[in-house]
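As structure tokens, the structure follows; a few thoughts come after it.
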Amino acid sequence: MKKYILPLLIFAITKLSAQTITGFSPNNTASQIQAEQKFDAQLNAQHIGETIKLLSSRPHNLGSSGSKAVAEEILRRYQDYGFDAHIETFTVLFPTPKTRVLEMIAPTTYKALLKEPALKEDATSGQEDQLPTYNAFSADGNVTGELVFVNYGLPDDYDKLAALGIDVKGKIVIAKYGRSWRGIKPKVAQEHGAAGCIIYTDPMGAGYYQGDVYPKGAFANEYTVQRGSVMDMPVYPGDPLTPNVGADSSAQRIASHNDAPNLLKIPVLPISYHDAKPLLESLGGPVVPDGWQGALPITYHVGDSKTKVHLKLEFNWNMVPCYDVIAMVKGAQFPDEWVMRGNHHDAWVNGANDPISGQSAMLEEAKAIGELLKTGWKPKRTIVYCSWDGEEPALLGSTEFAEEHAKELQQKTVIYINSDGNGRGFLGAGGSHALQPLMDEISKTVIDPQTNVSVFERWKAEKATTASSAKAKKEALDIKALELDALGSGSDYSPYLQHLGLPSLDVGFGGESDGGEYHSIYDSYDDYRRFKDPTFEYGVALAKVAGRAVLRMADADVLPFDFTNLYETANKYATELINTTNDLREATTIENLLLTQNKYKLAADPTKTYIQPQPKAEVPFLDFSPLQNALIQLKQSTDSLSDELKKNVSSNENINLSLAHAEQQLLFPDGLPRRSWYKHSLYAPGFYTGYGVKTLPGIREAIEQRNWKEAQDEIQLTAQAVQRFSGYLKEIGK
Ligand SMILES: [Zn+2]
């Protein structure tokens, strides 16, 4: 690789009395700190509160006039702040309900209300243009059947039902919210042959078991319903009719939603615990297995043939406009290097918390950048602020933008920084592990509004005090640097990280603002200012954290990627997988022994039904050596690259873009098995968890599914991705 020696920027050798910032030369550090101080001075908690109030004043779901008005208000603000802004519109599928009927027809009758009442304590709760309670991308359906309680509706729950001799074929299942992304529940129900699925909020998960209910407290009252998407997002998110391409006017669309591979075939409806109680109360059959009992004042049963329900759902399968607001400040030196920052603007109803609290903090950052521009400051790189539409139905706005501009984004983007709902509490940060040092430094310079220590110190205190064992507590006390979580899915970073391989972050505060308003009409300004962030100071804290990440990535002399950190994390995942496989082998052997020796039968209560499962195939020894060897090479490459970056920066045409492109080497050219849209070899949302991340997903999921041939193939493919990545880093480090 040919290179030109630029003036040496000496970092490691120079001792600075003042603060150092990774990636900045001593000369530029001072001006950077000054710019950040000016930026901070512009952030105003009260103004964030006013923005939250305004943008959540009407329902503004995808496709509504409210959403258009919110997008136009956001556009106007970006323009006021001096950004070059426009709205990019996609046309996407978005079903809304036409008919919703849920009734019990035996042994007694009950007709579900399917309605959250207005409250005098909540000014926006009685507005007219609210979306009814429903799950978007449920199938149309008119089904009648026996009702079965399936706990959280996950694969293990069905194994327990099978042991009780109960199947769900042709029946309607009722599952609790929680433990997984909601879309997994109807997917697993469908896989087991259910005809329909009801999902309800149990008071144990989000209601009175957690605390006082709304409006007295923050938790779900008996009528609160969690709306939400049930698209099979782990297959692909975005517009279901245009996988892999932007849903513009010329896009080739799947002709009918009935043919979209990520849409369900059965009807699904979310309900409140007011509506769930009569159904659950009427269920007969065995008392539920250990751990299944919820917090309703009844003993939960699994169900027998006596309880029957009728579920009828019809939807308007409309194509609607999706308004992404895109705002740029052109980079003075490197206009073709983009620092992207995003948060969605659409909500299920008013969405004061989700997403407007994050959106308002982000707009405050844009305002502060606007003020910096007025002083003559210009970013070196281009800054792109994105206010996404259609996140709630399954990341539509962000995914369509990512697919539409895939090539350009993979060429130009140096980072994508995401946020979503925000509240009082502790910093949460996840993302590409090469960005850990960047976030660590930032977390030590932003002060927690309630305690006056850094948000890092507060994060560490929480981690240490809540760790599960004495050993874990001790380890947490020794932590020197902020740790990034691995990202699964559930917000707009997913297409940038997992489809395009762009270095990505997701940041926000929370942990002291829990409640039960999620996706209900009660996610309102009134709820927010009482229970989430009453002084809006955490909006400022978020703007400081994300804003610093934007400014540092925009102005760094050398982009602060630390691949050593990425190596260490990947190596940890690999070790974890090897251990998991060994544990699984041991567990399988002993379980099979217990089964063949009839021990479970002997231990079971003879008066109750117990159907013994079949023994499982023994776990073979997998050969992890290709991956282990690739990781050894990776360690060498990352060590020599980081030495090189520390010593001096000798750059070819553009070392920064090379660093930013590195993570793309970790993409699988053909994606993950059965879901090729997801291409990252290190991170993916779980096929059976949804939001929950699977690290080294190709290998891990094959092991979890006991597909040994596939596990071995995926070890090979992952090793190849790591080799590519390591070879690429070696070239940059030369
Ligand atoms: Zn959100």
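Just follow the structure's listing: the first ligand is 1, and inside any ligand the first atom is 1.
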Can you list the residues that meet the side chain to side chain contact (heavy atoms under 4.5 Å, CB included) rule with Glu73, with sequence neighbours excluded? Leu54, Leu55, Arg76, Arg77
Angle class for the Tyr78/Phe83 ring planes (parallel below 30°, perpendicular above 60°, tilted otherwise)? tilted
Check which protein N, O or S atoms are less than 2.8 Å from the Zn ion (ligand 1) and report how many there are. 4
Can you tell me how the ring of His499 sits relative to the ring of Trp677, calling it parallel under 30°, perpendicular over 60° and tilted otherwise? parallel
Compute whether any side-chain donor of one residue and acceptor of the other, for Ser67 and Asp346, lie under 3.5 angstrom apart. no
Flag for Arg100-Thr133: side-chain donor and acceptor within less than 3.5 Å: yes
May I ask you to check if Lys176 and Tyr152 form a cation-pi contact, with NZ or CZ under 6.0 angstrom from the six-membered ring centre and within 45° of the axis? yes
